[in-house]
Amino acid sequence: LDRQPFHGPHQAGIVTPQPAAALVVALDVLAEDRGELAKLFRILTERFVFLTAGGPVPPLDPRLPPADSGILGPQVLPDNLTATLSVGASLFDDRYGLEGAKPRRLRPMDRFPNDSLDGKLCHGDLLLQFCANTAETNLHALRDVIRHTPGLVALRWKLEGMLPPHVVKRQGQDTVRNFLGFKDGTANLDTRDDALMHRQVWVQPGSTEPGSGEPDSREPTWAAGGSYQVVRIIRNFVERWDRTPLREQEQIFGRHKDSGAPLGETDEHALPDYASDPAGTRTPMDAHIRLANPRTKETASSLILRRGYNYSAGITPSGQLDMGLLFVCYQSDLDAGFVAVQNRLNGEPLEEYIKPVGGGYFYALPGVKEPGGFLGQGLL
Ligand code: HEM
């Protein structure tokens, strides 16, 4: 029940329901050449297969360092773990001769007007996303991977995320509250809708720029079955938020705080009707949900699959709580998806309470269909 299959056309951890704990870590690759890079991808695949299936750790030999950190004991349980490997634009520089193989939209993360990006929290050659029932399982997986890849990777940045522990959140069905106290995920895409996932999340064989049939606008063949992944570390100014009147909070999102329903409604899952509110009397024109998804025919191409977590770190140098949203989303087209949505959100009233400080653009590799294959095999 709590074992997520590793093999399949797509990687796990994207349309997989969200367990309570997440860990994302960006790595830089130290491999000397493409052969070593392939070795790294093989090792990562092997470790992911073991960690997600679980099993006994190798026996202890008192003369050697233990083969496993031991933090989960002698028996590793699957604990709903998924491990998802994505690549960043920098992996396609001239080090490994992969320049021609880069997914067409992949690039260093854009800087948006409200961003205040900290270079130490941005980008990376690789991104690993671990999600599990418990934070310990994610940390065990991370330490296992580090232990098995000496000299091949360097840690760049990491952030852990959480959801209330009693839920496994099915995107587009279940909702939990974020750190501004609002239900998050109400209008997310329904991951049970295969046609929708194929259109909005998975890159299709030979997919092209919208409206363009040019062969050079095609995604590389190896990329089919993968997905563009955006990670954004978005701080929330929670002290300021907690001093903001409820009505203002609700106008900022366009939803009621207690029920999660669109303004003027009582059912959380009622569909907001913007057509009957063209001047924004009920739902302000600049409300977060109205800008994010105006629900017009023209904006249907910008639907994205969100898979974020809350995060709580330490205290900022100015003495405020450092907490917020570890925003993660997946889409088949980076520009038609996240970038289009974020451009509509630029300047939204919510910006007074949030500050994106890090993250990156990545490409989640296609899945490994059969045992014996490895992640990134088609790329290398
Ligand atoms: C909806 C919060 C950032 C895209 C929502 C909702 C909340 C929320 C409470 C309504 C419930 C729901 O449908 O999930 C936040 C907070 C953010 C943030 C606190 C930052 C700290 C972003 C960003 C994007 C985004 C960066 C994308 C660029 C969306 C979308 C919806 C949504 C697409 C659904 C709108 C709809 O279909 O009606 N967000 N959000 N959000 N948000 Fe955000």
Side-chain angles (χ1 to χ4, degrees), residues 18 109-110 112-117 159 161 163 169-190 196 200-201 228-238 240-241 244 249-263 265 267-274 277 283-284 286-296 299-312 322-331 334-359 361:
Q18 296 180 248
M109 186 168 70
D110 299 308
F112 295 92
N114 188 42
D115 291 6
S116 187
L117 301 177
L159 191 63
L163 296 175
K169 181 179 172 184
R170 297 166 300 177
Q171 294 124 295
Q173 297 175 69
D174 303 320
T175 52
V176 295
R177 289 180 193 269
N178 59 33
F179 280 163
L180 297 182
F182 276 73
K183 289 193 171 189
D184 207 322
T186 306
N188 206 357
L189 303 188
D190 186 341
L196 185 66
Q200 298 305 132
V201 177
Y228 285 95
Q229 178 194 36
V230 175
V231 178
R232 302 268 287 167
I233 304 172
I234 309 180
R235 250 197 79 196
N236 293 171
F237 300 136
V238 293
R240 185 186 294 173
W241 183 253
T244 300
Q249 294 188 0
E250 294 187 332
Q251 300 265 317
I252 285 172
F253 279 116
R255 287 186 178 274
H256 291 297
K257 195 168 187 178
D258 54 358
S259 63
L263 293 179
E265 306 278 349
D267 172 12
E268 178 184 354
H269 291 282
L271 292 179
D273 178 10
Y274 303 136
D277 179 26
T283 307
D286 58 6
H288 182 74
I289 64 164
R290 192 159 186 171
L291 290 174
N293 183 8
R295 296 176 186 268
T296 60
T299 55
S301 60
S302 67
L303 296 176
I304 57 178
L305 179 67
R306 290 171 288 144
R307 202 173 186 282
Y309 281 82
N310 300 323
Y311 80 85
S312 172
D322 181 4
M323 54 200 291
L325 184 64
L326 171 54
F327 176 92
V328 179
C329 74
Y330 292 93
Q331 54 263 291
L334 175 65
D335 289 296
F338 170 79
V339 174
V341 177
Q342 183 57 59
N343 281 332
R344 287 199 299 264
L345 290 174
N346 289 339
E348 63 171 332
L350 179 61
E351 285 187 350
E352 204 184 317
Y353 301 91
I354 64 173
K355 188 54 80 182
V357 295
Y361 290 165

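Whatever order the structure lists them in is the order used to number ligands and atoms, beginning at 1. FYI, the numbering just counts along the sequence from 1.
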Looking at [X], which atoms of ligand 1 are within less than 4.0 Å of one of its heavy atoms?
X: Asn236; value: 21 (C)
X: Ile354; value: 21 (C)
X: Leu325; value: 16 (C), 17 (C), 18 (C), 20 (C), 21 (C)
X: Arg255; value: 10 (C), 11 (C)
X: Phe338; value: 28 (C)
X: Gln342; value: 26 (C), 28 (C)
X: Ala187; value: 12 (C), 13 (O), 36 (C), 37 (O), 38 (O)
X: Arg295; value: 36 (C), 37 (O), 38 (O)

>> Taking Val201's backbone N and O only, do any of them form a donor-acceptor pair with Gln331's side chain (distance below 3.5 Å, no angle check)?
In response: no

> Which of these passes side-chain contact (heavy atoms from CB on, under 4.5 Å) with Leu325: Leu180, Ile354, Ile233, Asn310?
Replying inline: Asn310

> Rounded to the nearest 0.5 Å, how far does OH of Tyr309 lie from CG of Asp184?
Replying inline: 12.5 Å

Under 4.0 Å, heavy-atom basis, I'd like to know which part of [X] is in contact with ligand 1: side chain, backbone, both or neither.
X: Thr186; answer: both
X: Arg232; answer: neither
X: Asn178; answer: side chain

>> Closer than 2.8 Å to atom 43 (Fe) of ligand 1: how many protein N, O or S atoms are there?
In response: 1

> Does an N or O anywhere in Asn293 fall below 3.5 Å from an N or O of ligand 1?
Replying inline: yes

>> Using side-chain hydrogen bond (donor to acceptor under 3.5 Å, both in side chains), reason through Arg344 and Thr299 one step at a time and then give a plain yes or no.
In response: CA-CA 10 Å; Arg344 287 199 299 264; Thr299 55; 5.1 Å; no

>> On a heavy-atom basis, I'd like to know which of Phe112, Phe253, Tyr353, Phe182 is closest to atom 2 (C) of ligand 1.
In response: Phe253

>> Quick one, Thr244 with Tyr353, criterion side-chain hydrogen bond (donor to acceptor under 3.5 Å, both in side chains). Give me CA distance, side-chain angles, the key distance, then yes/no.
In response: CA-CA 10 Å; Thr244 300; Tyr353 301 91; 3.0 Å; yes

> Between Tyr361 and Phe338, how do the two ring planes meet: parallel, tilted or perpendicular, split at 30° and 60°?
Replying inline: perpendicular

